[in-house]
Amino acid sequence: MPQLVDHLFRHKAGQMISTLTRYFGVDNLELVEDIIQETLLKALQQWPYHGIPENPGGWLWQTAKNHALDVLRREARFQKRLRGEIRLIEMEQATAGPEADAYPFEDDQLSMMFIGCHPTLSREAQIAFVLNTVSGFSAAEIARAFLVPEATMAQRLVRAKVKLRMTGSRFELPESGSLTKRLDAVLDVLYLLFNEGYEAHAGERLLREELCLEAVHLCRLLITHPAGQSPRAHALLALMCLQAARLKARIDVNGDLILLAEQDRSLWHREMIHEGLRHLELSAAGDAISEFHLQAAIAAKHAVAETFEQTDWNGILDDYCALLETAPSPVVKLNHAVAVAMVHGSQAGLELLLKLQEDASLEKYHLLYAAIGELYERSGDFQKAWHSYREALALTENEPERRFLQKKLRVIGF
Amino acid sequence: MSQFMLFIRNGEEPNELSAEEIQQAIQRFSAWAKKLREQGKLIAAEKLKDNEGLLLGARNGQIIVDGPFAETKETIGGYFVIEAENLDEAVEITKECPALSNGGIVELREVEG
């Protein structure tokens, strides 16, 4: 009895939507989505009785294709409306016969990713669109992962699709002149998607892990294509692999956070670490060093350390110093100070952190106070540590983090 | 051992299901059927074609054919034939039928042997 590969339907939905859109045009995305939804429902109606077919993915594609061809034949008028984008015969040929399995769906998904990262769309809309059409997540699932009401997410998706229709986006990769810029936009979207999943929000954990892995999956896809191979793309994939490799060790059975120092490193995903290191090497091909390069270099130093104590903190501090110059975000400033503490001692780190309290972008940032508390605790000043943890607790709604801070407060016990 | 028929009446058109949810629903069915098959309790399973049912009756000596009817919530979508020790066991098996968690209704009937 054949089994279904995890997330087969979701992956297949993304592939099939992308490929049918190539033939139907971006204008008819809605129709394409209907065709795919009906195809998946047909499987739900048949497979419970007939069992899972030998080649489930092939079954789905065959069914979707037949359904699409029916729609085309039924609506001769419709064909005229398609601005010649549909070449029915071409589609039948391209996807016919036993080689159908070898159809390069990935190329179409890639084109779809570039379309979704069109500059007229906001970043939020780009992320939602890519997840929805390239990755097969429903509006409700995306809403749940991003802690946004479902209606809001559905609206966002509809608006994005209307906008793309207005721009007359054609189903092809951007011209070489704008390719680099668009590729960078795609990479930024994947990075945000990954971070959204990686941050320990109160949202559903499983779903959020899936977002991380989906970002990795899409980036791998990107990199297999010549249009997607840039040093920055390799650096991003390296970064995401090296971080994702540690996902399982980051949270305990109760959903509580486990700090890097206390993680069971045997739970880290060795293969992903190696994949990350390989891409980090490949990312060195160009002259430019992007933020992704530096972040990946830091993640690599963590990932290869046998123990927390053996971590190359000097190297990490150098990377953070470089990041401070290129991309001084609040998180970078904070992590830089933490690295200083690891290299030059808690007192040196504390001095920097206390100065950051005056930084407008950080004054309400709970992790700053958590870090200050941690360094006070390490230097034995428990009263100040307690107050800092209290401050951090007041600034966050995130459940796992709240539990973490409450535990800290209990342990110090004032 | 007695044979029982499970008529599956589909639930509401599950249009809102995501790809992932559809896969999970199929996997639940698959696991349920696998267990029954391994125990030798699954005799047959067939899906019925959609939208093709007709009702036939005789009135005043004339055969009247009605339909086909649009698919509704009550339409029988398919059936399973299972073997069970007695009605109690058949009920237990039916309770685990995944159609129930998809909003469907299952009619359980014993085959008179």
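We name chains A, B, ... by the order of the sequence lines, and we start the count at 1 in each one.
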Which bit of [X] comes within less than 4.5 Å of chain B, counting heavy atoms only: side chain, backbone, both or neither?
{"X": "A/Ile36", "value": "neither"}
{"X": "A/Ala43", "value": "both"}
{"X": "A/Ala140", "value": "neither"}
{"X": "A/Gln46", "value": "both"}

Can you confirm if the NZ or CZ of B/Arg109 lies within 45° of the ring axis of B/Tyr79 and under 6.0 Å from the centre of its six-membered ring?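 Judged by the rule, B/Arg109 and B/Tyr79 form no cation-pi pair.
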May I ask you to decide if the ring planes of A/Trp61 and A/Phe105 are parallel, tilted or perpendicular, using 30° and 60° as cut-offs?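 The rings of A/Trp61 and A/Phe105 stand perpendicular, inter-plane angle above 60°.
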Less than 3.5 Å apart, any donor N or O on the side chain of A/Lys42 or A/Gln45 sitting next to an acceptor on the other? no
Check A/Glu150 with A/Arg144, please: is the shortest side-chain N to carboxylate O separation under 4.0 Å? no
